[in-house]
Number of protein chains: 2
Amino acid sequence: MLSEKKLELIERIGVFHEMRGVQPLMGRIMGLLLVLEEAEATFEEIVDYLNVSKSAVSNALNVLQLKGHVAYKTKPGDRKRFFHLTLENWQGDMEKKLCDISEMSSFMQEVLEARGETKPEFNHNIKDICKFMDFLKTRIPSLFNEFRKSQG
Amino acid sequence: MLSEKKLELIERIGVFHEMRGVQPLMGRIMGLLLVLEEAEATFEEIVDYLNVSKSAVSNALNVLQLKGHVAYKTKPGDRKRFFHLTLENWQGDMEKKLCDISEMSSFMQEVLEARGETKPEFNHNIKDICKFMDFLKTRIPSLFNEFRKSQG
DNA sequence: CAGTTAGTTCTCCAAATAAAGAACAAACTT
DNA sequence: AAGTTTGTTCTTTATTTGGAGAACTAACTG
């Protein structure tokens, strides 16, 4: 059994993800795989730790794998899958999240094209937002470079 | 009536927001206020343009105002409220979104405190993620400065 | 081949969401 | 005072969602 503290942390991580439109169980599983000492769990362990049905876990794991947040490895002589977070590529994920902010940029472009010149000040704000999003996108790689440098 | 193009754009912007956990109508209203030539709309106009009930609009507008995405102004001799996006502070909003990415950092800190040393490599990844998030937070202001400079 | 293990798929159900509609209220108008 | 405008609030309803549980399957095990 997991400590009260870890269980509570898993729930909070779950809620955190829920607030961002992630299915509840998916958030819990990510929390579980973070706090588990082994950093991995079998299908059955996930069912037992989180006290949910196999079907729910099956679905959640498939989505998590499709999204690239979770993967599994196997061990010789063991048919079980050992699911784990794909933290190795956290920089890629982070970059994706940063770019996602800028995803609004293409909508804003379309908005600008659809708008007339009645409200130049408003249009100007939208243009600025676009510019910043594009600027941000160009700066992301150097942001990571700077970080790596600062880490030695 | 709005052009087919604008209606379709509003819907896509709505879906974009839905995917991020925003209530459907809230996303549509934000889309509407973006594409409307006047960049503002009365309560009744929102009801008519989007073809939804007054109660739905009332609730959505209240939430949007609470979240600071929408505000209204009035005009002398007119009791109507003219709702509009609060784009003026888009830099503040953008900063909040960037910081939100880093919000995971505090959870990661807790995870680290709850974890033992069994998986040093995994722990190391988490530490790196924390470090980058913290680094990102410190860099946000200069990011905006750089942008302003690049804009002259 | 009978039984287990590890997971999937399908059907069903409870709860949460989102919005409709009607009644209501406050402020203004005539 | 009676009616209108501009919303709000309350109750109800349709839809979506998330997960339970059972039946199923594929792979292995003895």
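Since the model is a prediction, treat every value here as computed from it, not as a measurement. Lettering follows sequence order; numbering is per chain, from 1.
For the pair B/A56 and B/E44, both in contact range of DNA chain D, the more 5′-proximal nearest nucleotide belongs to B/E44. Residue order along DNA chain D, read from the 5' end via each residue's closest nucleotide, puts A/V57 first among A/K54 and A/V57.
At whole-Å resolution of the value, CD1 in B/I46 and C1' in C/dA19 are 16 Å apart. Across the protein-nucleic acid pair, A/L61 atom CG and C/dG7 atom C1' stand 10 Å apart, rounded to whole Å. Atom CZ of B/F43 and atom C1' of D/dT4 are 16 Å apart (whole Å). Regarding A/K75, its NZ atom lies at a distance of 13 Å from the P atom of C/dA6, rounded to whole Å. Spacing between atom CD1 of B/I29 and atom P of C/dA18 amounts to 13 Å, rounded to whole angstrom units. Between A/F82 atom CZ and C/dG7 atom C1' there is a gap of 14 Å when expressed in whole angstrom units. Distance B/M26 CE to C/dA18 P: 9 Å, rounded to the nearest Å. Atom CG in A/L64 sits about 13 Å away from atom P in D/dG18, given to the nearest Å.
Side-chain nitrogen and oxygen atoms of B/R81 include at least one within less than 4.0 Å of the OP1 or OP2 phosphate oxygen of D/dT8. Here A/N59 does not reach the OP1 or OP2 of D/dG18: none of its side-chain N or O atoms lies under 4.0 Å away. Checking the phosphate oxygens (OP1, OP2) of C/dA6, a side-chain nitrogen or oxygen of A/K80 falls inside 4.0 Å.
Electrostatic pairing of A/K73 and A/E40 counts as a salt bridge here, judged by a charged N lying under 4.0 Å from a carboxylate O. Between A/K5 and B/E113, none of the side-chain N atoms (NZ, or NE/NH1/NH2) sits under 4.0 Å from a carboxylate O, so this pair counts as no salt bridge. Between A/R12 and B/E110 there is a salt bridge, with a side-chain nitrogen of the basic residue lying less than 4.0 Å from a carboxylate oxygen of the acidic one.
Among the nucleotides D/dT8, C/dA6, C/dG7, the one closest to the side chain of A/D78 is C/dA6. Listed nucleotides C/dT8, C/dA20, D/dT8 differ in distance to B/V52; the shortest reach to its side chain belongs to C/dA20. Comparing C/dG7, D/dA20, C/dA6 by their nearest atom to the side chain of A/F83 picks out C/dG7.
Residue contacts shown for A/L25 are limited to sugar-phosphate atoms, with no base heavy atom under 4.0 Å away.
Each end of the helix from C/dC1-D/dG30 to C/dT30-D/dA1 gets its own rotation axis from five pairs of C1' atoms, and the angle between them is 10° to the nearest 10 degrees.
When every heavy atom of B/F83 is checked against every heavy atom of B/T42, the shortest pair comes out as CD1-C, 4.3 Å.
Hydrophobic cluster membership for B/V15: B/M19 (Ile, Leu, Val, Met, Phe, Trp, Tyr linked by side-chain heavy atoms under 4.5 Å, directly or transitively).
In the interface, the side chain of A/S55 is paired with the base of D/dG21 through a donor and an acceptor atom under 3.5 Å apart. Taking only distance into account, the side chain of B/R79 never meets the base of D/dT6 through a donor-acceptor pair shorter than 3.5 Å.
If you check the side chains of A/R148 and A/Q91, you find a donor sitting under 3.5 Å from an acceptor.
A 6.0 Å sphere centred on CD of B/Q151 holds more than 12 heavy atoms belonging to other residues, nucleotides or ligands.
Note: A/F147 and B/F132 have perpendicular aromatic rings, judged against thresholds of 30 and 60 degrees for the angle between ring planes.
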